[in-house]
Amino acid sequence: MDEFLKQKFDMDHLPQWECPTCKRGILERKEDLLIQETANTLTSHQHPEFDYEWVKYNITGFLKCNNSRCSETVVITGVGEHDEHYFCDEYGQQQENRFVSIKPIFFYPPIKIFNVPPTVPEEIALMLEKSFALFFCDDNACGNRIRATVEVMLDVLKVPDKSAEGKFISLATRVENINDISQSLKDKLNALRLLGNAATHGEGLLRRKDNVDAYKLLAHVFDKLFPTEEDELDVLSAGIIKNKGPVK
């Protein structure tokens with residue numbers, strides 16, 4: 001997931017983002033993206049000291065899945081500017097390469113930051129999808145949706161959110177009330193809760209890296225709480241071997 005830490009890309013050399021629909025194909029740019037100077041940039045052209053570094057762009061267009069059985073079209077929007085890349089040529093001389101970079105802000109359908117196992121219940125996956133939609137445009141809103149994903153997951157696991165008297169139970173207490181999971185797993189859920197709290201109350205405290213960290217933790221939790229069939233068979237075979245026969 002660390003590839004999602006980078007925020008700007010050469011518009012002519014976009015990453016190989018995976019198709020969010022088929023999860024097999026790669027999104028490719030089939031035609032030029034539409035690039036327009038912002039209103040402030042157009043005004044700045046009149047300044048006597050105008051420089052290309054002042055230029056900012058609004059960029060939009062379409063990416064298409066290269067899997068012929070899918071061919072999904074994904075909308076991409078972002079902001080752009082001029083960037084430089086310095087390198088040494090074959091003679092050891094420093095050269096400059098100028099290009100337009102794009103900082104993506106929005107994809108639709110949203111790009112999946114990690115693939116959710118099919119064993120994860122739909123209501124959990126749908127809430128997580130909302131966080132994916134916000135990942136590129138709002139770090140704190142994205143983190144808030146990740147926290148909400150944890151809350152939905154506890155609902156699915158039937159961990160009460162209200163006491164017998166009808167009072168709301170805090171997320172921290174709900175995590176501690178989960179039965180039959182290790183303390184290590186509870187620690188990861190608590191880490192997710194704390195990142196979510198920072199997103200909700202931190203007033204801009206959360207960074208993109210924090211959300212990537214949260215996704216790494218969440219992916220691990222999914223693997224443990226909603227194992228795939230292969231994982232279940234690993235557990236079954238280990239139990240048979242341990243018992244030297246049928247599992248009781």
Side-chain angles (χ1 to χ4, degrees), residues 1-38 55-85 87 97-139 141-143 145-146 149 208-209 211-223 226-231:
M1 297 180 208
D2 287 343
E3 66 271 19
F4 287 101
L5 293 174
K6 186 176 180 181
Q7 300 198 30
K8 294 194 302 181
F9 308 95
D10 182 341
M11 204 168 78
D12 293 322
H13 299 89
L14 296 176
Q16 291 193 321
W17 288 307
E18 184 179 78
C19 174
T21 300
C22 71
K23 306 181 188 67
R24 294 183 179 180
I26 299 298
L27 298 178
E28 296 180 344
R29 200 182 75 177
K30 293 298 184 182
E31 56 188 37
D32 289 339
L33 301 180
L34 178 63
I35 176 170
Q36 297 284 344
E37 292 186 359
T38 65
V55 176
K56 305 296 180 185
Y57 297 106
N58 290 323
I59 301 173
T60 188
F62 298 94
L63 306 175
K64 191 170 184 179
C65 175
N66 65 5
N67 177 4
S68 60
R69 294 187 176 183
C70 174
S71 298
E72 178 68 279
T73 299
V74 174
V75 180
I76 177 174
T77 62
V79 293
E81 62 185 6
H82 287 273
D83 256 320
E84 306 91 18
H85 169 65
F87 62 97
N97 177 36
R98 292 182 178 178
F99 59 93
V100 175
S101 65
I102 178 174
K103 179 182 179 182
I105 292 178
F106 183 76
F107 292 89
Y108 189 82
I111 287 180
K112 291 176 170 53
I113 311 304
F114 71 96
N115 285 323
V116 181
T119 49
V120 173
E122 183 180 12
E123 52 265 59
I124 300 174
L126 287 175
M127 181 58 72
L128 184 61
E129 185 96 355
K130 293 181 179 180
S131 76
F132 292 158
L134 294 164
F135 178 78
F136 292 93
C137 63
D138 192 324
D139 293 332
C142 175
R145 292 298 90 189
I146 295 173
T149 301
R208 177 172 294 193
K209 179 185 180 302
N211 286 328
V212 170
D213 288 342
Y215 285 136
K216 290 177 181 178
L217 291 169
L218 199 54
H220 177 81
V221 170
F222 285 167
D223 286 342
F226 309 104
T228 62
E229 182 179 357
E230 183 177 353
D231 291 334

Exercise. If you take all heavy atoms of Pro109 and Thr21, which pair is closest and at what distance?
Worked result: CG-OG1, 4.4 Å
Problem set entry | Close side-chain approach of Phe107 to Val75, heavy-atom, < 4.5 Å | no
For this session: Spell out, as yes or no, whether a donor-acceptor pair under 3.5 Å connects the side chain of Ser131 to the backbone of Met127.
Result: no
For this session: Give a yes or no on whether the backbone of Asp139 and the side-chain of Asn211 come within a donor-acceptor separation of less than 3.5 Å.
Result: yes
For this session: Identify the two heavy atoms, one from Ala125 and one from Val120, that lie closest to each other, and give their separation to 0.1 Å.
Result: N-CG1, 4.3 Å
For this session: Can you see which heavy atom on Asp223 is nearest to which on Pro117, and at what distance?
Result: OD1-CG, 4.1 Å
Exercise. Looking only at heavy atoms, what is the nearest atom pair of Ile113 and Phe135, with distance?
Worked result: CD1-CD2, 3.6 Å
Exercise. Is atom CD of Glu122 surrounded by more than 12 heavy atoms (other residues, nucleotides or ligands) closer than 6.0 Å?
Worked result: no
Exercise. Looking at CZ of Phe62 and NZ of Lys30, how far apart are the two atoms once the value is rounded to the nearest 0.5 Å?
Worked result: 15.0 Å
Problem set entry | NZ/NE/NH1/NH2 to OD/OE distance under 4.0 Å, Glu28 and Lys64 | no
For this session: Go through Glu129 and Lys112 one step at a time and tell me if the side chain to side chain contact (heavy atoms under 4.5 Å, CB included) criterion holds.
Result: CA-CA 7 Å; Glu129 185 96 355; Lys112 291 176 170 53; 3.4 Å; yes
Exercise. Who are the ring pair (Phe, Tyr, Trp, His ring centres under 6.0 Å) partners of Phe114, not counting sequence neighbours?
Worked result: Phe132, Tyr215
Problem set entry | Side-chain heavy-atom pair Pro104, Phe9 within 4.5 angstrom cut-off | yes
For this session: Using the side chain to side chain contact (heavy atoms under 4.5 Å, CB included) rule, take Ile76 and Ile102 through it: C-alpha gap first, then chi angles, then the decisive distance, then the call.
Result: CA-CA 10 Å; Ile76 177 174; Ile102 178 174; 4.2 Å; yes
Problem set entry | Between CZ on residue Phe226 and CD1 on residue Ile124, distance to nearest 0.5 Å | 3.5 Å
For this session: Give a yes or no on whether the backbone of Met11 and the side-chain of Arg29 come within a donor-acceptor separation of less than 3.5 Å.
Result: yes
Problem set entry | Within-4.5 Å side-chain heavy-atom neighbours: Pro20 and Val74 | yes
Exercise. Looking only at atom types and distance, does a side-chain atom of Thr60 sit under 3.5 Å from a main-chain N or O of Leu34, one as donor and one as acceptor?
Worked result: no
Seminar exercise, completed: The residue among Lys209, Lys216, Arg208 that forms salt bridge (charged side-chain N to carboxylate O under 4.0 Å, His left out) with Asp2 is Lys216
